[in-house]
Amino acid sequence: MDGLVSRRHLSLDLALSLLARVREEAEARDLSLAVAIVDGSGHVLASQRMDGAALGAMQLALGKAYTAVSWATPSGEFARSTQPGGDDWGWNTTDPRIVVYAGGVPLLVDGELVGGIGASGGTATEDEECVVAASAGLGFD
(Lines give C-alpha, C1' and ligand atoms only; values in the text may rest on other atoms or scores of the structure.)
Protein backbone atom coordinates (compact mmCIF):
# COMPACT_ATOMS: atom_id res chain seq x y z
CA MET A 1 0.00 0.00 0.00
CA ASP A 2 2.92 2.34 0.55
CA GLY A 3 2.86 5.07 -2.07
CA LEU A 4 -0.71 4.38 -3.20
CA VAL A 5 -2.33 6.87 -0.87
CA SER A 6 -1.25 10.44 -0.35
CA ARG A 7 -3.02 12.70 2.08
CA ARG A 8 -2.08 16.28 2.73
CA HIS A 9 -3.73 18.45 5.32
CA LEU A 10 -3.93 22.19 5.76
CA SER A 11 -2.55 23.33 9.09
CA LEU A 12 -4.15 26.02 11.21
CA ASP A 13 -1.01 28.12 10.75
CA LEU A 14 -1.34 27.95 6.97
CA ALA A 15 -5.06 28.75 7.17
CA LEU A 16 -4.27 31.80 9.31
CA SER A 17 -1.60 32.86 6.81
CA LEU A 18 -4.19 32.64 4.05
CA LEU A 19 -6.56 34.83 6.05
CA ALA A 20 -3.81 37.40 6.53
CA ARG A 21 -3.01 37.40 2.80
CA VAL A 22 -6.65 37.87 1.83
CA ARG A 23 -6.93 40.69 4.33
CA GLU A 24 -3.88 42.39 2.77
CA GLU A 25 -5.38 42.02 -0.69
CA ALA A 26 -8.73 43.35 0.47
CA GLU A 27 -7.23 46.33 2.27
CA ALA A 28 -5.15 47.20 -0.80
CA ARG A 29 -8.43 47.34 -2.77
CA ASP A 30 -10.31 49.20 -0.01
CA LEU A 31 -12.62 46.20 0.58
CA SER A 32 -14.04 44.69 3.77
CA LEU A 33 -14.44 40.95 3.30
CA ALA A 34 -15.50 37.90 5.21
CA VAL A 35 -13.19 34.97 4.50
CA ALA A 36 -13.37 31.24 5.26
CA ILE A 37 -10.85 28.44 4.86
CA VAL A 38 -12.09 24.84 4.80
CA ASP A 39 -10.18 21.58 4.82
CA GLY A 40 -10.48 18.89 2.16
CA SER A 41 -13.72 17.66 3.75
CA GLY A 42 -15.34 21.09 3.80
CA HIS A 43 -14.93 21.67 7.55
CA VAL A 44 -14.00 25.18 8.65
CA LEU A 45 -10.38 25.64 9.73
CA ALA A 46 -10.39 29.42 10.10
CA SER A 47 -12.55 32.40 9.26
CA GLN A 48 -12.65 36.15 9.76
CA ARG A 49 -14.96 39.04 9.07
CA MET A 50 -13.12 42.28 8.53
CA ASP A 51 -14.40 45.46 10.15
CA GLY A 52 -17.17 46.85 8.01
CA ALA A 53 -17.97 43.60 6.18
CA ALA A 54 -21.69 42.84 5.97
CA LEU A 55 -23.01 40.33 8.49
CA GLY A 56 -24.31 38.13 5.69
CA ALA A 57 -20.93 38.01 3.98
CA MET A 58 -19.61 35.25 6.26
CA GLN A 59 -22.31 32.77 5.28
CA LEU A 60 -21.56 33.44 1.62
CA ALA A 61 -17.79 33.08 2.17
CA LEU A 62 -18.34 29.73 3.90
CA GLY A 63 -20.60 28.57 1.09
CA LYS A 64 -18.13 29.59 -1.60
CA ALA A 65 -15.29 27.72 0.13
CA TYR A 66 -17.48 24.65 0.65
CA THR A 67 -18.64 24.68 -2.98
CA ALA A 68 -15.08 25.03 -4.27
CA VAL A 69 -13.81 22.08 -2.23
CA SER A 70 -16.87 19.91 -2.92
CA TRP A 71 -16.23 19.86 -6.67
CA ALA A 72 -12.58 20.96 -6.76
CA THR A 73 -13.79 23.82 -8.96
CA PRO A 74 -14.06 27.57 -8.43
CA SER A 75 -17.53 28.39 -7.14
CA GLY A 76 -18.19 30.89 -9.93
CA GLU A 77 -17.85 28.17 -12.56
CA PHE A 78 -21.39 27.09 -11.68
CA ALA A 79 -23.05 30.51 -12.04
CA ARG A 80 -24.32 29.88 -15.57
CA SER A 81 -24.85 26.11 -15.50
CA THR A 82 -27.20 26.33 -12.50
CA GLN A 83 -29.55 28.78 -14.20
CA PRO A 84 -32.84 27.47 -15.67
CA GLY A 85 -32.03 25.36 -18.72
CA GLY A 86 -28.39 24.87 -17.68
CA ASP A 87 -26.77 21.45 -17.32
CA ASP A 88 -26.68 21.80 -13.52
CA TRP A 89 -29.99 23.62 -13.15
CA GLY A 90 -31.41 23.30 -9.67
CA TRP A 91 -28.72 21.24 -7.92
CA ASN A 92 -27.51 24.31 -6.06
CA THR A 93 -30.90 24.43 -4.31
CA THR A 94 -30.50 20.91 -2.89
CA ASP A 95 -27.92 21.92 -0.27
CA PRO A 96 -28.06 25.29 1.54
CA ARG A 97 -24.26 25.33 1.82
CA ILE A 98 -23.79 25.66 -1.95
CA VAL A 99 -23.03 29.14 -3.31
CA VAL A 100 -22.53 29.54 -7.05
CA TYR A 101 -21.06 33.06 -7.16
CA ALA A 102 -17.38 33.70 -7.85
CA GLY A 103 -15.15 34.07 -4.82
CA GLY A 104 -14.46 30.48 -3.80
CA VAL A 105 -11.49 28.49 -5.09
CA PRO A 106 -10.13 25.04 -4.35
CA LEU A 107 -6.72 24.87 -2.70
CA LEU A 108 -4.46 22.49 -4.58
CA VAL A 109 -0.91 21.34 -3.85
CA ASP A 110 0.75 19.59 -6.79
CA GLY A 111 -2.72 18.98 -8.19
CA GLU A 112 -4.02 17.42 -4.98
CA LEU A 113 -7.08 18.98 -3.34
CA VAL A 114 -6.31 20.00 0.26
CA GLY A 115 -9.04 22.55 0.97
CA GLY A 116 -10.95 25.57 -0.21
CA ILE A 117 -11.08 29.29 0.40
CA GLY A 118 -13.99 31.67 -0.04
CA ALA A 119 -14.54 35.39 0.38
CA SER A 120 -17.51 37.72 0.20
CA GLY A 121 -18.06 41.42 0.64
CA GLY A 122 -16.90 42.92 -2.63
CA THR A 123 -18.19 42.13 -6.07
CA ALA A 124 -17.91 38.46 -6.97
CA THR A 125 -14.96 39.32 -9.22
CA GLU A 126 -13.19 41.25 -6.43
CA ASP A 127 -13.79 38.41 -3.97
CA GLU A 128 -12.24 35.92 -6.38
CA GLU A 129 -9.29 38.15 -7.22
CA CYS A 130 -8.44 38.45 -3.53
CA VAL A 131 -8.56 34.71 -2.78
CA VAL A 132 -6.69 33.79 -5.96
CA ALA A 133 -3.92 36.30 -5.21
CA ALA A 134 -3.66 35.14 -1.59
CA SER A 135 -3.54 31.43 -2.42
CA ALA A 136 -1.07 31.89 -5.28
CA GLY A 137 1.11 34.03 -3.02
CA LEU A 138 1.44 31.09 -0.63
CA GLY A 139 2.30 28.60 -3.36
CA PHE A 140 -1.02 26.87 -4.05
CA ASP A 141 -1.58 25.70 -7.65
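Because only heavy atoms are used, hydrogens play no part in the values below, and waters and symmetry mates are left out as well, while side chains stay in. One is the number of the first residue; the rest follow in order along the sequence.
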Rounded at 0.5 Å granularity, tell me how far OG1 in Thr82 sits from CZ in Arg80. 11.0 Å

State, to 0.1 Å, how close Pro106 and Ala68 come at their nearest heavy-atom pair, and which atoms those are. N-CB, 3.5 Å

For Arg21 and Glu25, run salt bridge (Lys or Arg N to Asp or Glu O under 4.0 Å): C-alpha distance rounded to whole Å, both residues' side-chain angles, the deciding distance at 0.1 Å, then the answer. CA-CA 6 Å; Arg21 288 283 183 121; Glu25 288 291 328; over 6 Å; no

Least distance between heavy atoms, Ala61 atom then Ala34 atom: CB-O, 3.4 Å

Do Tyr66 and Asp95 have side chains that get closer than 4.5 Å, going by heavy atoms? yes

Ser81 to Glu77 - nearest heavy-atom pair and separation: OG-O, 4.3 Å

Val38 and Leu108: same hydrophobic cluster, using ILVMFWY side-chain contacts below 4.5 Å? yes

Are Glu126 and Arg29 packed together at the side-chain level, in the sense that at least one heavy-atom pair is separated by less than 4.5 angstrom? no

If you take all heavy atoms of Arg49 and Ala54, which pair is closest and at what distance? CD-O, 3.6 Å

List the residues meeting ring pair (Phe, Tyr, Trp, His ring centres under 6.0 Å) with Trp91, not counting sequence neighbours, and say none if there are none. Trp71, Phe78

Verify same cluster id: Val44, Leu113 (apolar side-chain graph, 4.5 Å): yes

Is a side-chain donor or acceptor of Asp141 paired with a backbone partner of Gly111 at a separation under 3.5 angstrom? yes

Provide the closest heavy-atom pair for Ala36 versus Ala65 in the form atom of the first, atom of the second, distance. O-CB, 3.7 Å

Nearest atoms (heavy-atom pairs only) where Ser120 meets Ala57: CB-O, 3.4 Å

For Val35, the other hydrophobic cluster members (4.5 Å side-chain criterion, sorted by chain and number) are Leu10, Leu12, Leu14, Leu16, Leu18, Leu19, Val22, Leu31, Leu33, Ile37, Leu45, Met50, Val105, Leu107, Val109, Val114, Ile117, Val131, Val132, Leu138, Phe140

For Ser75, all residues meeting side chain to side chain contact (heavy atoms under 4.5 Å, CB included), sequence neighbours excluded: Lys64, Thr67

